[in-house]
Amino acid sequence: MRTRIRYLPLTEVVAGMVLGVPAQVIEQGRLGLSFSAGHVLTAENVRQLMAHHAEYVAVAEDDLRSDADVAADTERVVQEVAQIFQGANLSSPDLAALYEQVIAHRIA
């Protein structure tokens with residue numbers, strides 16, 4: 001089964017959700033809390049994240065979309081991002097990298 005990453009505010013996170021990417025909280029330059037990708041969150045984990053002032057996490061969810069829907073969503077995202085960046089000089093390596101990262105983030 002295909003999965004997709006969804007970024008959620010902690011107020012929407014519930015026990016049983018699976019982290020899609022590592023969750024780390026850095027406090028005063030130190031790693032205060034860390035959970036690896038694939039970690040199944042417990043109610044206590046969510047409380048810990050809130051206590052450490054985390055704002056959101058990225059969870060992995062089953063992607064129930066058809067291949068056609070995924071392709072259509074990808075094309076829509078690419079068009080939206082292209083419109084946002086229409087005046088940008090994408091021959092600049094920094095802007096080109098940002099452009100690609102925005103697309104990757106919005107497709108996820």
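At a threshold of 4.5 Å between side-chain heavy atoms, the hydrophobic network of Ile, Leu, Val, Met, Phe, Trp and Tyr places Leu98 and Ile103 in one connected group. No continuous path of hydrophobic side-chain contacts links Val59 to Ile107 [ILVMFWY only; heavy atoms under 4.5 Å]. Side-chain heavy atoms closer than 4.5 Å link hydrophobic residues (I, L, V, M, F, W, Y) into clusters, and following such links, even through other members, never connects Val21 to Val102.
Between Leu19 and Ala23, the closest heavy-atom pair is CD1-CB, 3.9 Å.
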Enumerate donor-acceptor pairs with a distance under 3.5 Å from any side-chain N or O in residues 78-90 to protein atoms, sequence neighbours excluded.
{"residue": "Gln79", "atom": "NE2", "partner": "Glu75", "partner atom": "OE2", "Å": "2.8"}
{"residue": "Glu80", "atom": "OE1", "partner": "Arg76", "partner atom": "NH1", "Å": "3.4"}
{"residue": "Glu80", "atom": "OE1", "partner": "Arg106", "partner atom": "NH2", "Å": "3.4"}
{"residue": "Glu80", "atom": "OE2", "partner": "Arg76", "partner atom": "NH1", "Å": "3.2"}
{"residue": "Asn89", "atom": "OD1", "partner": "Ser91", "partner atom": "N", "Å": "3.1"}
{"residue": "Asn89", "atom": "OD1", "partner": "Ser91", "partner atom": "OG", "Å": "2.4"}
{"residue": "Asn89", "atom": "ND2", "partner": "Ser91", "partner atom": "OG", "Å": "3.4"}

Show every donor-acceptor pair shorter than 3.5 Å between a side-chain atom in residues 40-51 and any protein atom, with sequence neighbours excluded, or say none if there are none.
{"residue": "Thr42", "atom": "OG1", "partner": "Glu44", "partner atom": "N", "Å": "3.4"}
{"residue": "Thr42", "atom": "OG1", "partner": "Asn45", "partner atom": "N", "Å": "3.0"}
{"residue": "Thr42", "atom": "OG1", "partner": "Asn45", "partner atom": "OD1", "Å": "3.1"}
{"residue": "Thr42", "atom": "OG1", "partner": "Asn45", "partner atom": "ND2", "Å": "3.4"}
{"residue": "Glu44", "atom": "OE1", "partner": "Arg47", "partner atom": "NE", "Å": "3.3"}
{"residue": "Glu44", "atom": "OE1", "partner": "Arg47", "partner atom": "NH2", "Å": "3.2"}
{"residue": "Asn45", "atom": "OD1", "partner": "His39", "partner atom": "NE2", "Å": "2.7"}
{"residue": "Asn45", "atom": "OD1", "partner": "Thr42", "partner atom": "N", "Å": "2.9"}
{"residue": "Asn45", "atom": "ND2", "partner": "Gln48", "partner atom": "OE1", "Å": "3.3"}

Could you list the donor-acceptor pairs under 3.5 angstrom formed between side-chain atoms of residues 4-15 and any protein atom two or more places apart in sequence or on another chain?
{"residue": "Arg6", "atom": "NH1", "partner": "Glu61", "partner atom": "OE1", "Å": "3.2"}
{"residue": "Arg6", "atom": "NH1", "partner": "Glu61", "partner atom": "OE2", "Å": "3.0"}

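Residues satisfying the side chain to side chain donor-acceptor pair (under 3.5 Å) criterion with Asp67, sequence neighbours excluded, are Arg2. With sequence neighbours left out, Thr3 forms a side-chain contact (heavy atoms from CB on, under 4.5 Å) with Asp62.
Taking Ile, Leu, Val, Met, Phe, Trp and Tyr as members and joining any whose side-chain heavy atoms lie under 4.5 Å apart, directly or through other members, the hydrophobic cluster of Met1 also contains Leu64.
For residues 81-105, no residue pair satisfies the salt bridge (Lys or Arg N to Asp or Glu O under 4.0 Å) rule, not counting sequence neighbours. Evaluation of the salt bridge (Lys or Arg N to Asp or Glu O under 4.0 Å) test over residues 81-90, restricted to residues two or more places apart or in two chains, returns none.
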